[in-house]
Amino acid sequence: MKGVLLSAGRGRPLIKKQDVVYFLNRYGISTLLGAGFLFGLIFGAFCAGGADKNLIESLKLIFASDFTSRCSQNIVSGFAAAMTSNFIFFTANLLLGFSVWGSIGVPFVIGFKGFGIGITGGYLYKCHGLAGIGFFILIMLLGNTVSSLALMQQGKGSVAFSCELFARVRGTSLNSGETVYRYAVKNSFILIALTISSMIDAILNTLFADIFVFA
């Protein structure tokens with residue numbers, strides 16, 4: 001600490017340019033996607049104040065947000081609903097990776113995922129208070145956390161692959177070692193993680209949904 005203060009006193013910058021460049025190269029994409037997800041989460045929670053039941057039900061295919069039907073779902077139906085939602089985001093990230101403009105689109109996909117979680121949790125609290133929060137934490141939180149982390153990891157790979165494609169189009173390949181085969185293998189592991197996430201969601205739904213009754 002003393003050394004830092006002395007350096008600052010001598011006019012030396014506390015943060016060197018090389019450190020910033022290193023951070024951006026190593027963590028820039030992850031930071032961007034994390035910020036996009038956090039912004040979507042907060043914005044979704046804010047929008048929940050003006051949301052109604054029809055809006056939540058209209059988003060159920062994308063976010064598996066129909067918590068009223070969850071209370072009567074069996075484990076197969078719960079898994080199918082969660083997997084359908086996850087697969088939509090997985091496919092969007094996958095296809096954006098094959099686009100030279102994918103690095104722009106992927107943060108919006110991740111942000112939209114956060115928006116869905118935020119508006120669902122916010123609406124549950126708005127309409128059902130502590131019971132709604134309990135339902136969200138006990139049943140929805142773990143599966144959403146796993147799927148969100150998996151999608152952000154996939155998004156990181158999609159942005160990197162998209163940037164490599166863009167560089168090749170411009171004739172300035174980044175020589176990152178990214179190939180279609182490696183990209184496909186990485187995405188197959190993400191799909192496994194999303195399948196596990198859907199199984200977790202379905203199991204928790206089957207075990208605890210009967211505790212809650214939503215009209």
Side-chain angles (χ1 to χ4, degrees), residues 27 29-71 73 78-94 96 102-156 158-159 190 193-205 208-209 211-212 214-215:
Y27 304 109
I29 298 175
S30 298
T31 302
L32 176 64
L33 297 180
F37 177 82
L38 184 61
F39 175 81
L41 189 69
I42 295 172
F43 184 64
F46 177 78
C47 290
D52 57 18
K53 188 175 182 180
N54 291 331
L55 175 61
I56 298 299
E57 289 182 351
S58 67
L59 297 173
K60 65 181 179 182
L61 179 65
I62 304 175
F63 301 123
S65 57
D66 189 0
F67 48 87
T68 54
S69 65
R70 275 174 171 263
C71 298
Q73 282 180 341
F79 174 80
M83 193 63 198
T84 299
S85 172
N86 287 333
F87 192 73
I88 291 173
F89 286 96
F90 171 83
T91 303
N93 272 341
L94 178 67
L96 284 169
S103 57
I104 299 175
V106 169
F108 286 97
V109 172
I110 301 301
F112 194 52
K113 173 68 174 178
F115 173 82
I117 297 173
I119 196 171
T120 302
Y123 183 78
L124 277 166
Y125 175 70
K126 169 191 170 183
C127 296
H128 304 287
L130 292 179
I133 291 298
F135 181 90
F136 182 81
I137 293 175
L138 194 60
I139 298 175
M140 303 180 72
L141 182 61
L142 182 57
N144 276 316
T145 300
V146 174
S147 63
S148 297
L149 291 174
L151 288 169
M152 281 191 279
Q153 183 64 31
Q154 183 198 19
K156 183 180 176 181
S158 296
V159 170
I190 298 298
L194 292 176
T195 303
I196 294 173
S197 165
S198 300
M199 292 176 62
I200 292 172
D201 191 280
I203 291 171
L204 291 177
N205 186 76
F208 301 114
I211 300 175
F212 303 90
F214 299 123

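Residue numbers start at 1 and run along the sequence shown.
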Item to complete: State, yes or no, whether a side-chain contact exists between Ile110 and Asn93 at a heavy-atom distance under 4.5 Å.
Response: yes
Worksheet entry | Asn144: side chain to side chain donor-acceptor pair (under 3.5 Å) partners, not counting sequence neighbours | none
Worksheet item: Which atom pair, heavy atoms only, marks the closest approach of Gly78 to Ala202?
Response: C-CB, 3.8 Å
Discussion item. Once side chain to side chain donor-acceptor pair (under 3.5 Å) is applied, do any residues pair with Ser197, and if so which ones, sequence neighbours excluded?
Written reply: none
Discussion item. Quick one, Leu194 and Leu151 - any side-chain contact, counting heavy atoms below 4.5 Å?
Written reply: yes
Worksheet item: About how many Å separate CD1 of Ile139 and CG of Leu142, when rounded to the nearest 0.5 Å?
Response: 12.0 Å
Practice prompt. Considering non-hydrogen atoms only, spot the tightest contact between Ser148 and Ile117 and give its length.
Written response: OG-CD1, 3.3 Å
Worksheet item: Does Lys126 reach the main-chain N or O of Gly49 with its side chain, forming a donor-acceptor pair under 3.5 Å?
Response: yes
Worksheet item: Say you draw a straight line from CZ of Phe136 to CG of Leu124; how long is it, rounded to the nearest 0.5 Å?
Response: 7.5 Å
Discussion item. For Ser85, give me all partners under side chain to side chain donor-acceptor pair (under 3.5 Å), at least two apart in sequence or on another chain.
Written reply: none
Discussion item. Minimum heavy-atom separation for Ser103 and Pro107, please, with both atom names.
Written reply: O-CD, 3.2 Å
Worksheet item: Which atom pair, heavy atoms only, marks the closest approach of Asn86 to Ser147?
Response: OD1-CB, 3.4 Å
Discussion item. Can you give me the closest heavy-atom contact between Phe115 and Gly44, atom names plus distance?
Written reply: CD1-CA, 3.4 Å
Worksheet item: How many angstroms lie between CD1 in Ile196 and CE in Met83, if you round to the nearest 0.5 Å?
Response: 10.5 Å
Discussion item. Checking Phe90 now: which residues fulfil ring-ring contact (aromatic ring centres under 6.0 Å, His included) with it, not counting sequence neighbours?
Written reply: Phe87
Fill in: Value rounded to 0.5 Å, distance of CG in Asn205 from CZ in Phe135
6.0 Å
Practice prompt. Just grab all the salt bridge (charged side-chain N to carboxylate O under 4.0 Å, His left out) pairs involving residues 195-205, residues at least two apart or on different chains.
Written response: Arg70-Asp201
Discussion item. Set out, in order, the CA-CA distance, both residues' side-chain angles and the distance that settles ring-ring contact (aromatic ring centres under 6.0 Å, His included) for Phe63 and Phe112, then state yes or no.
Written reply: CA-CA 10 Å; Phe63 301 123; Phe112 194 52; 5.0 Å; yes
Worksheet entry | Those residues that, when tested against Tyr125, pass side-chain contact (heavy atoms from CB on, under 4.5 Å) (two or more places apart) | Ile133
Practice prompt. Please examine the side chains of Thr195 and Phe79, heavy atoms only from C-beta on, and report whether any two atoms are closer than 4.5 Å.
Written response: yes
Fill in: Side chain proximity check, Phe37 to Met152, heavy atoms < 4.5 angstrom
yes
Worksheet item: Within a strict 4.5 Å, meaning less than it, do heavy atoms of the Gln153 and Leu33 side chains meet?
Response: no
Worksheet item: How long is the gap from OG1 on Thr145 to CD1 on Ile200, to the nearest 0.5 Å?
Response: 9.5 Å
Fill in: Heavy-atom closest contact (Ala82 atom, Ser198 atom, distance)
C-OG, 3.5 Å
Discussion item. Measuring from atom CG of Leu59 to atom OG1 of Thr120, what distance do you get when rounded to the nearest 0.5 angstrom?
Written reply: 7.5 Å
